[in-house]
Structures are given as structure tokens and as C-alpha cells.
Protein chains: 2
Amino acid sequence: MDRRRSIRAKSGTNLGGASAHNRRIMIDALRVNGALSRADLARATGLTPQAVSNIIEELALDGLVRSQASVRRGRGQPATPYQLVAEGAFAIGLQIDRHVTRTVIVNLVGDVLIQMEAKLPPGGPTQGVVVILDLIRKARKALAAQAPEAEKRLVGLGVAMPGPFGINTLYDDPWMMTAWQNFPLIDRIAEGTGLEVALQNDAAAAATAERLLGAAHGLDHAICIYFGYGLGTGLILNGELYGGAHSNAGEIGMILALVPGDGLDVEPLEHYASMAALCKLLNLDPSEPELFGQVTDALMHGGPKLDEWIGNVAQRLRRTVQALESIFDPQTIILCGGAPRTLIDRLVAEIQPLLPSIADRASRYPEARLQAGLADPWSVALGAAAEPIARTFDPRFSAILKTA
Amino acid sequence: MDRRRSIRAKSGTNLGGASAHNRRIMIDALRVNGALSRADLARATGLTPQAVSNIIEELALDGLVRSQASVRRGRGQPATPYQLVAEGAFAIGLQIDRHVTRTVIVNLVGDVLIQMEAKLPPGGPTQGVVVILDLIRKARKALAAQAPEAEKRLVGLGVAMPGPFGINTLYDDPWMMTAWQNFPLIDRIAEGTGLEVALQNDAAAAATAERLLGAAHGLDHAICIYFGYGLGTGLILNGELYGGAHSNAGEIGMILALVPGDGLDVEPLEHYASMAALCKLLNLDPSEPELFGQVTDALMHGGPKLDEWIGNVAQRLRRTVQALESIFDPQTIILCGGAPRTLIDRLVAEIQPLLPSIADRASRYPEARLQAGLADPWSVALGAAAEPIARTFDPRFSAILKTA
DNA sequence: ACAAATAAGTCAAGTGAATTGATTTAATAA
DNA sequence: TTATTAAATCAATTCACTTGACTTATTTGT
């Protein structure tokens, strides 16, 4: 028996922590609002103009912000707005999907500089990691050719892959990537690249992408339904991605829903509502590179089987949207995915009219209750890349932490 | 057109903010872990022993912590543990229900000192506020008689009432308290009492109570299903109560669920699963003071109608629990409520066995997936009282805020 | 054209909570 | 009896933010 209990407590903070927090606040404010003057920042953050001035000066020295031409805004001295420097930081995103892996390198403002993909060999993670590390090496080489300074400013590597993590297989499911999920992937990639590596599930990554440069930009409460090979959600709560106790929050594909008309039988939602289900229905090969085009073709062509499926999925998602609104009271819900734009748009249209819910308020904010988000095979990799940037520059991650 | 856009940014922080944060960290650590020595606190918070020493000294001076007898723990100088002083702070909780209002006064550690209720006149809020203010006045008088120092240490008043707030009535519902929800209640109570007043819905208050001294004590990720007159949830995410964009998060009673066997008809969950539904079924008067006893009697007695209802509700809640687990990945789910203990326990039992979900992991944490929480007509008022204490002493509320 | 008003931004000194490093106190272990 | 370990304090230092006075640049009003 050990005398010393393990003590649960949050971290204290100090001057350095406060300072780091304030720097991140500034960067976040510039990201959300575009260019702002020092005076603007002082008003918005509640800090004194002097403090803001010092911080901005330092950020400029670090190459993270840059002044624009001064603008006259009525009386008084003209303001000098500052904007983020796109080349101030870079990050790598890596998506590991069932059959392919994609990598993306973005800069501080989310521009995609490099974009590469590779087929994953069927041998599982042991062989897969070799392919992955090779792909990352190539991407970094391409980056170096394009922006020689960038390598020094790489802040990390984000990995996104299908969840859930650390779970006993619930139902026998060829889509789940059990071997990958039990492999020490992060350590191996960190070793192989020398970068800080973090892992999240694909829906969370898609939500991060929406927040950085999609429909959730600047929103603090948004739910992103990720319609891809599986079905999940990325939860943006209080301006932060919520992961739950074990980083598996948002796995709505695993919700057991009643099968209509079939008594009390239940089935996981993603058995209907997912690209995997659609591929099965249309007899398409999910590893086919031209999959998106094939699906789009099928949608144009139509057909009773497809129409029935869409109606079925839309009806289920309609109730899902209503449930998510009731549970989260968000500003908006975004349907995005690793699925063709045509399909996402069709689904958003078919889900209408939405069911009544608490989101149906008179003083409705500008955002629609449900909107389409990014629909692109690259959006997960993009979101994965956004994660290290968020970690490095997002105030939420640091407010409570000491800076050693 | 106004030139100056409204700028969205988080607040900066300064020395005072860091200091306030650290004070709250200490109090929070003592609340969760019981008595701790300064050295323990230093290790747990990451602050230096010196910093902790100073903070604890100040807290002791403020009458918020008190030293215990020193304890020998092996080699080295014996440690002096510090504990929270129960009389260090007081708060008032107020529950406004359909037919009654209840008030409770608690101290810093959540002991109930005063407990009073009054019937609400049917005339709506205009007359109701008079009753409420009178009830609070009486409660404060009783407190003054019992603890003369307490009045000076009142940190605020929390109000809990059924939500949702600011919504157009969705379905015609005699249980909704529209008149109350559109009344400037907080302002009137703040005026009448001279205290800081905050409003939350009853499920959120129940969750706060669970966190302060119930099954969610010390947990950072827990979902409290509140089974009362209506049905709702209090969401404890990252150790903090989550309210959503408009403080209406958690309204699961409004989720439209399929009516089994009836094609695609949907109905709000709380039309089945709530005390209101049960009262309707058993022809009981919900305003009856002896309601809990009556329900308990009925449960003992049994009967096919009641058994069917319980089975029905349990089956729905079973799926609800599975859905909440999939969505939130919490440490535990707690079924609590403004309902008799007998009913809550019966439901928890009937909901078993739980459906498979991501919470069904091999390395299951000590908490059960589903457990019974507080079941007591006073728990909402208690939670309402806990809110001002949390606001005043919980680190989360202040980490980001300046202290003027 | 000139003063007054307004706003952005800087300078220089002051503040205060935490850190650093040395020291004291009190127990167990050898 | 001495060494070791741990809790807690003392005194000096640090550093990011605040304070208050000041400079600069523009518009407004006469």
C-alpha cells in the first residue's frame, strides 16, 4: 500500500503562463478577425495598450505578425493594422484511411503548400508506417524546395485516423482498423520525423479544418457531422475541440438506432449512413481513386435504390440533427465529409425541412441551423495539419499550463 | 453603417488573473482531495512550494482554509495538512418549479444549513416573485440566527428552473413555464436581495450538485440525466458545466424519438420518460406534497400499466445512455432526479443490461457506466446553491478573466 | 488658418506574484 | 550519533503587466 495517494489537481500558472496566454490570444484574435491595430487588440482583449504594444512587437520580431499600411479611421492618429504572417509557422497533417494515406503541409493561415498521397499496403501498420514515413519525407523535401525557411518553423505533425481508440471491437466490422489502433503509431512517427505528433480521429480533424477555414470559422459552438467512410462528429464546444474522457467523443456512427418497422431491433447508425454503406449498395470499390466521380455519376443518374437510400439516410440524419441540437444547443451544425460535394449538398437538401428543436428560435443567429461544410478527400489531412497550429497558438491549450 | 466592426477575442490576463487562478486551483484541489499539505499542493499544481505557502497563508487569513494537526509520513519534517473551512463561504440556492419554490443555504463544503419551501401562487411570475423574495428573506433571517457571521460571506444566489430559455414554444405543453421564462426574473431577484444572481436550468443544477457532493465528485467528464417533472441532462465536460450557445444544452427531453411500431411518428422523449408522464399515467396530482410517497407506494404495489411504463421508459433510456456514451465518451453517466429514490433505483436496475458502446472498454475506470445519483426534491435547489460557490472558487471560471 | 478634440501609440517608472537559492526544522535510517 | 529525507520559510530577484504622462497624427469647428 502506498502512503501517498495520487492527488488530482489542475495546474497553477505564473507570469510566463499568463504571457504565453496573451500571445496566443493575440494570434487567435488576428486569425478570427483578420488584421487589427494594437488599439483594437487592446480593446478586444482587455489588456492595456502598452501591454499589447509590447506583445505585438515581440510577435513581429518572431516573424508571426506583420504591419499593414496605416489606415485613417476618422479623428485621431491613423491605426496600423497587423496581420498574421502566413509563413510564420508550418505544420504537417497526415490522414491514415483504410486504403490510402494523405499528407498535407499548411502554413499559419491554413494555405495548403504540399499535398501528397500514397496507397497503403494491405499488410497493416508494420508495413504501413514505412510508406507513411516515406511519404512525409517526400513532402518535406518538396516543402524545402518551395520554402527553404519552412523546415525551421514546423510546429508539429497531426495524425488523423478513424476512431474509436482503445476499444474492444464492438461489432464485427471490417471497416474498423483495429490493427492500426493498437499499434504504437504516434511514437513511431515521432521517432521517424523528429516532430511533435498528436493523434485525433478523422471527424475531429475535419472539425478543426472547418474551424480554421470553413463554415465554423470564428464560431465557439458548432457540431460538425463527418460523413465519410464512417460517420462521426467533431464537437467544437467553447471554441475548443472536445474529446471526452478518452478522445472518443463524437462517435455518433456507433449510436444504436431503431430499425424502422422492425420492432425493437437496433443497428449502428453508420451501417446506413456512411460512404461505406453507399459503396456496398452501389457495389463500388472504396479504394478506387475515382470513387468520388463514380458516386457523383450515380447521383446524377439516380435510380430507385439510390433514391431510397438517400431518403433513408436523410430521414435518420434529420433526427440526428434534431438530437444534436437538443443536446448541444450549438450555433450551427455542419455536414461535412470525406464524400463528394454533390452527395453532401444533396443530403443537406434532402434533410430539409428540419424537425422542430430548441435551435428553432425567433432571434436566429446568422448561421443556418444546418449547412454544408468542406467536402473533399483532403479535408481530414488539412484538419490534422491544423491541430499542431491550434495547439501551438490556441489560447485554450495553454491558459492553465505553466511554461516551465 | 458603423466603421468599427465588433471584434471577437478572448480576454487577456495579467498578474492578478494568474494569482486568482492559483487561489482557485488550491481551493479546488482541497475540495476534491480533502486535506492536503502545502508540499502536496505544490507537487499537484506544479507551483513552487514558496508560492503555495504564500497563497495558503493568505487563504487562511481570509478564513477559507484551516490547518489540521501535523502528520508524520516517514522521513522528513511532518506535513501540516490544510482543509477547507466550511464557514468560509455561503450561498443561496433557489429552485422554481411549476407549483413550488424551494430555497436552500449551503456553506463552502456543501452542507445544507437552511431549507425552506413555499407554494407558488397560480398567478405567474408577477405574484410569484413576491413569494420568492419573501421566502429568501425568511431563509436569510434563519441563517443569521444560526450563524451571525454568514451574511457577510454570502457569495451569491443561484436560481434553477426548467428550461429551455428564450425559445418559441415548440409543442403545446402545459408543463413549460413560458411566462416565467420571459420574465426579467434575475434582475428582480438581484434587486430584491442585493446579491449576484445567476440562472441555470434544473438539470444543470442537479449536475452541479452531483459534482459538488454526489456521484460526479472529482470527475471531469460526466453526464447527469435528470429525471424530474421533465427530462434533461447536465453536461460536465472538462470539469465544467457546459451550457451551449444559449444555455439550453442538455435538453434531451426534447429529442424527437421514434414511436416504436408506429411507422415514422416521432414524439419528444419526455412525453414518455418523466415524472409528468408518470403522474398522468397514475392520475396523480404533480403539485401534491406527498407525491414521492404516492409514487413509491405505486411502485411497491406494481401493476401491469406501471410495469409496462417502466419497461418502456427503461428501454428508451437504455438507448439514450448508449447514445450519450457514444457522443460524449464520459467517465460515467448518472441518473438523478427530482423523483423518488425508489423510482431512480428501479430505473437504473431496469435499464440493465446496457447496450454495447465505446464506454464498454476493457480497462474500465472504477466508475460504473451508469449509476444512480441524488434523488431528492431538494437536489436542484442544492445544485443552484452550489453554482455561486463554483463561480467564485472554481478555477475554470476565472483562468481567462482579468481581475480589474 | 488655427485651436480643440480625438485617437493611436510610446516612454519610463512602478507593481506584485511567482521564482530562485540558501536555510531552518523535524522526522527516520544507518 | 550522523546522514538522509522532506516540509516549510527567508530574502533577493525576475519579469510581464499597469500607471500616468507624453508624443504624434488626424478630423472637426470656428
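The closest side-chain donor-acceptor pair between B:N54 and B:E58, if any, does not fall under 3.5 angstrom.
A:T80 comes within 4.0 angstrom of sugar-phosphate atoms only, judged by non-hydrogen atoms across all strands, and of no base. Residue A:S70 is classed as having no contact, given no heavy-atom separation below 4.0 Å to the nucleic acid. Residue A:N54 is classed as having no contact, given no heavy-atom separation below 4.0 Å to the nucleic acid.
Following rounding to the nearest Å, B:L36 (CG) and D:dA7 (P) show an atom-to-atom distance of 12 Å. Regarding B:N22, its CG atom lies at a distance of 13 Å from the C1' atom of C:dT19, rounded to whole Å. Note: CD1 (B:I55) to P (C:dA17) measures 10 Å, nearest angstrom. A straight line from CD of B:Q50 to C1' of C:dT19 spans 9 Å, rounded to a whole angstrom. Going from atom NE2 of B:H21 over to atom P of C:dG16 covers 21 Å, rounded to whole Å. Distance B:I56 CD1 to C:dA18 P: 12 Å, rounded to the nearest Å. When rounded to the nearest whole Å, the span between CG of A:L59 and P of D:dA16 equals 13 Å. Taking atom CG of residue A:L15 and atom C1' of nucleotide C:dA18, one finds them 7 Å apart after rounding to whole Å.
Of the candidate nucleotides C:dT19, C:dA8, C:dT28, C:dT19 has the atom lying nearest to any side-chain atom of B:L47. Of the candidate nucleotides D:dC15, C:dA26, C:dT19, C:dA26 has the atom lying nearest to any side-chain atom of B:Q77. Across C:dG9, D:dA8, D:dA16, the shortest atom-to-atom separation from the side chain of A:R38 is found for C:dG9.
Heavy-atom distances to DNA chain D give each of B:P81 and A:P49 a nearest nucleotide, and the one nearer the 5′ end belongs to B:P81. Residues A:V52 and A:P78 both approach DNA chain D. Their nearest nucleotides, taken by heavy-atom distance, put A:V52 toward the 5′ side.
With values rounded to the nearest 0.5 angstrom, B:Q83 atom CD is found 4.0 Å from B:Q68 atom CD.
Applying the 4.0 Å criterion to OP1 and OP2 of D:dA7, one finds that B:R43 has a side-chain N or O inside that range. Regarding contacts with the backbone of C:dT19, a side-chain N or O of B:T48 is found under 4.0 angstrom from either OP1 or OP2. Phosphate proximity of D:dT18 to B:N14: present, with a side-chain N or O under 4.0 Å from OP1 or OP2. A close approach under 4.0 Å does not occur between any side-chain nitrogen or oxygen of A:S19 and OP1 or OP2 of D:dA16.
The pair A:R391-A:E196 does not count as a salt bridge, with every side-chain nitrogen at least 4.0 angstrom from each carboxylate oxygen. Under a 4.0 Å N-O distance rule, the pair A:R153/A:D62 does not qualify as a salt bridge.
B:N22 places a side-chain N or O within 3.5 Å of a backbone atom of A:T13 that can act as its donor or acceptor partner.
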